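Below: one structure, written as structure tokens.
Owing to the predicted nature of the structure, the values given are computational and were not obtained by experimental measurement. Order of the sequence lines fixes the chain letters, A, B, ..., with proteins taken first and strands second; residue numbering starts at 1 for each chain.
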Protein chains: 2
Amino acid sequence: MDRVKKTKIKATPRMSRVTIIDVAEQAGVHWSTVSRALNPAKRHLISPEMIERISACVKRLGYRQNAMASALRTQKTRTIGVIVSNLGDPIHPPIVRAIEDRLGEIGYVVFVGNTDNDSMREAALIDRFISQGVDGLIVATFKLKDPLVDKCLLAGVPTVAVFRDPERPEIPSVRVDDAEAMARAVRHLVELGHRKIAHVGGPQNLSTGRNRYRGFRKACKTAFGADSEVIAKFGKAFTVDEGHSACGELLDQHRAITAIVAGNDMLAIGCLSAINHRGIKCPGDISLIGMNDMLFMDAVYPPLTTMHTPSRELGLQAANLLIDMIDGKKIEKGRHILASNLIIRSSASKPN
Amino acid sequence: MDRVKKTKIKATPRMSRVTIIDVAEQAGVHWSTVSRALNPAKRHLISPEMIERISACVKRLGYRQNAMASALRTQKTRTIGVIVSNLGDPIHPPIVRAIEDRLGEIGYVVFVGNTDNDSMREAALIDRFISQGVDGLIVATFKLKDPLVDKCLLAGVPTVAVFRDPERPEIPSVRVDDAEAMARAVRHLVELGHRKIAHVGGPQNLSTGRNRYRGFRKACKTAFGADSEVIAKFGKAFTVDEGHSACGELLDQHRAITAIVAGNDMLAIGCLSAINHRGIKCPGDISLIGMNDMLFMDAVYPPLTTMHTPSRELGLQAANLLIDMIDGKKIEKGRHILASNLIIRSSASKPN
DNA sequence: TGATTTCATGCACACGTTTGTCAACGGGAT
DNA sequence: ATCCCGTTGACAAACGTGTGCATGAAATCA
């Protein structure tokens, strides 16, 4: 009734939804009591029968806490932001899914945004998320030494990098051992008998692109000697198209190669298309290994031998890390590196 | 300084970020002036040079509007919620992506949540989104006549159904013409010469599952006569596994069939696996048509003939519809139905 | 029974905005 | 000089919660 009196006239047509004051009125108590009864952390201050009564009113009126008001008061939104380059890239959905699962089970709700690897867009997105008051950020788009990390740091928002690692010690990251993954792929090919192995890689300003290339390079040097030639082409992005054209150039310029290690499965699919396009055979004429083991890589032709990335686990660990940061627990600020293992299918075989 | 005085002691260590009051102080004006200067709709009330001065202070201090406070005041969060069954299902990411693109360009930010088709989880998610004060909801998980629609209606949250249609006149939906898509697939097979065609469908309590089956059924009746037998098996979900087992049963029980129309590509991939598993050939022994044309369906073996679903367009139209609803424009409350067209690849050929 | 502790609840302020209302000011017309 | 009007800027009241502190009642103890 307090509220009703205060409105200028009764003209205000009760547009607002039911508030804590309404249920207090129903229950015949002060709303602060309702607030406490509804807050698990303060519930112990209230008598059980009162809690019961209030709960009944809550249910009857269909009361829902106003998260904005609560957030304004507590400075916590129970909201986190997830930033990916492109949800349409099959590597991301499982990560986002895992994050949402983990965070959802403790009452968080997640924003997602795409950047298309555009720094402007990424900066704007971070700003918007911070403005929304997210309690934390999980970012899969940081470039190496990305200055955007500062924006998060400056705002004091707990941030963890996932998948791509900006390699900035101020924030933790969760990723796969990219270099070792590529090295493993190379070793597999070497074991099969290949001696001319090329790399179709991704952008070198990304940890994924760079580390994978480095792993490839190192494994080649180890296998073929320090002054052996390292054959590689880089796409401007991890896309099928870029894989197709990079592989095309490779095939034209180096006729002797018998195997390709692609920087990821998208590039690998592009390689496959370039290979087919030229009428040569995989794995007959040329072997191919991808990375990530995206969905359906077992159904393509030929079924793709690839390095499996535990994407769900990436998301899970990133989420757990973030939760700990938000809760103020001391956490390992370093690199959290997961293993990627070889999935042998049919796209890589002995050279003929 | 007002604020400083009011804090109990100066003990409060400036934990809060920079507020509108700080910039007002810097600019030497009242904060209401700052608010207006920053609000495009009210900016005309302020002199250009003042706007300039204020903007400078904003930039200098790195002020970011507190969305919670703003939302609390205006009852608008510029936030919308998107609900899907499973982001891991390749049909969803493009839809979500399109929604985020469209809404993002006008300053909205989107929540996403997964339900795994669990009504409890879905209800909880809707509650949580509403509690967060979303300005609108785009839901891809409604079942036929889903009572959860009422929850949204009751809360007065603009809601549009996408992909799956609850077929409730109170809310608009945008989807593909599922029945016609299946019919088109059947006609294609009939034209190729098939006479024994079966359906591997999805759950019949979903518009997608039911309409596709109906379209299949009707087309068969049209082609083979009203009292021809309609052969169909239904999976409990649109998954590869369900497709595999349903197709297995089909193959065991009906040896004469020469073609299968799957309810979607996931089921189709499952069918493919069941077919391969039995050592029969696709399309040699049995033709297969999927639906949706998910990513990589051109790279599987055999390249899948399928009905293309314009998923991006689905998301775009849903977003546009929602924007109009939020803006209070009168909109078409009915069904918005997009066409799905046949993509001919290699999994369907003449029967031998 | 009176003093003291414990417990449940009420009070009021603060969180950071937006916005209706109004005062102040300056210029132009009479 | 007076009056009026238009332009700017200031004020204060919400929006719905959380929470430290005060209060009152009941319970405990001497």
Side-chain angles (χ1 to χ4, degrees), chain A residues 2-9 11-12 14-25 27-54 58 61 63-78 131-133, chain B residues 2-9 11-12 14-25 27-51 53-54 58 63-78 131-133:
Chain A
D2 190 303
R3 305 171 68 229
V4 174
K5 268 217 211 81
K6 286 203 180 173
T7 67
K8 301 282 176 187
I9 321 178
T12 314
R14 209 74 187 84
M15 61 160 280
S16 173
R17 61 195 200 195
V18 22
T19 84
I20 203 176
I21 297 187
D22 298 306
V23 346
E25 197 167 298
V29 298
H30 195 266
W31 44 272
S32 65
T33 307
V34 176
S35 173
R36 278 187 258 263
L38 263 32
N39 183 339
K42 308 277 173 184
R43 211 199 304 281
H44 66 270
L45 295 171
I46 306 294
S47 61
E49 54 273 24
M50 177 60 79
I51 292 183
E52 189 49 46
R53 178 144 58 108
I54 290 176
V58 164
L61 298 182
Y63 168 75
R64 250 185 298 254
Q65 177 188 245
N66 181 323
M68 257 86 34
S70 173
L72 184 55
R73 181 64 231 265
T74 61
Q75 306 288 21
K76 306 227 157 297
T77 56
R78 298 199 75 74
S131 177
Q132 280 291 342
Chain B
D2 189 302
R3 300 173 70 231
V4 175
K5 270 217 211 82
K6 286 205 180 170
T7 67
K8 300 284 175 186
I9 320 177
T12 314
R14 207 76 188 83
M15 61 158 280
S16 172
R17 62 195 198 197
V18 22
T19 82
I20 204 174
I21 297 185
D22 298 304
V23 349
E25 197 167 298
V29 298
H30 197 268
W31 32 277
S32 63
T33 307
V34 176
S35 173
R36 279 187 253 266
L38 262 31
N39 182 340
K42 308 278 171 183
R43 211 199 306 280
H44 62 91
L45 296 170
I46 307 294
S47 65
E49 53 272 22
M50 177 58 78
I51 292 184
R53 178 146 56 108
I54 290 176
V58 164
Y63 167 75
R64 249 184 299 253
Q65 178 188 244
N66 181 323
M68 257 86 34
S70 175
L72 184 56
R73 181 62 232 259
T74 62
Q75 307 287 23
K76 307 230 155 296
T77 56
R78 299 200 74 77
S131 175
Q132 280 290 343

With a 4.0 Å cut-off on heavy atoms, is [X] in touch with a base, just the backbone sugar-phosphate, or nothing at all?
X       : result
B/Met50 : sugar-phosphate
B/Thr74 : sugar-phosphate
B/Ser35 : base

Grab the [atom1]-[atom2] distance between [X] and [N] for me, whole Å please.
X       : N      : atom1 : atom2 : value
A/Ile51 : C/dT9  : CD1   : C1'   : 13 Å
B/His30 : C/dA23 : NE2   : P     : 16 Å
A/Leu38 : D/dT19 : CG    : C1'   : 15 Å
B/Arg78 : C/dT17 : CZ    : P     : 17 Å
B/Arg43 : D/dG9  : CZ    : P     : 14 Å
B/Trp31 : C/dG16 : CH2   : C1'   : 9 Å
B/Met68 : D/dC15 : CE    : P     : 19 Å
A/Ile46 : C/dG10 : CD1   : P     : 8 Å

- prompt: Closer than 4.0 Å, any side-chain N/O of B/Asn39 to the OP1 or OP2 of C/dT17?
  reply: no
query: Do any side-chain nitrogens or oxygens of A/Gln75 fall under 4.0 Å of OP1 or OP2 in C/dG16?
result: yes
Using the test side-chain hydrogen bond (donor to acceptor under 3.5 Å, both in side chains), find all partners of [X] that sit at least two apart in sequence or belong to another chain.
X       : answer
B/Thr77 : B/Asp135
B/Ser32 : B/His30
B/Arg36 : none

task: With DNA chain C as reference, determine whether A/Thr33 or B/Tyr63 sits nearer its 5' end, using the nearest nucleotide of each.
output: A/Thr33
- prompt: Does B/Asp22 reach the side chain of B/Tyr63, with side-chain heavy atoms less than 4.5 Å apart?
  reply: no
- prompt: Has the side chain of B/Arg64 got a donor or acceptor atom that lies under 3.5 Å from a matching backbone atom of A/Ser131?
  reply: no
From the set [options], return the single nucleotide nearest to any side-chain atom of [X].
X       : options               : result
B/Leu72 : D/dC15, D/dT8, C/dG10 : D/dC15
B/Ala69 : D/dT17, C/dT17, C/dT9 : C/dT17
A/Asn66 : D/dG16, C/dT17, D/dG9 : D/dG16

Atom pairs, protein N/O to nucleotides 20-23 of chain D N/O, distance under 3.5 Å:
| residue | atom | partner | partner atom | Å |
| --- | --- | --- | --- | --- |
| D/dG20 | O6 | A/Arg36 | NH1 | 3.4 |
| D/dG20 | O6 | A/Arg36 | NH2 | 3.3 |

Contacts of type side chain to side chain contact (heavy atoms under 4.5 Å, CB included), residue A/Arg53, not counting sequence neighbours: A/Ala27, A/Val29, A/Met50
task: State which residues pass side chain to side chain contact (heavy atoms under 4.5 Å, CB included) with B/Ala69; sequence neighbours excluded, sorted by chain then number.
output: A/Leu72, B/Asn66
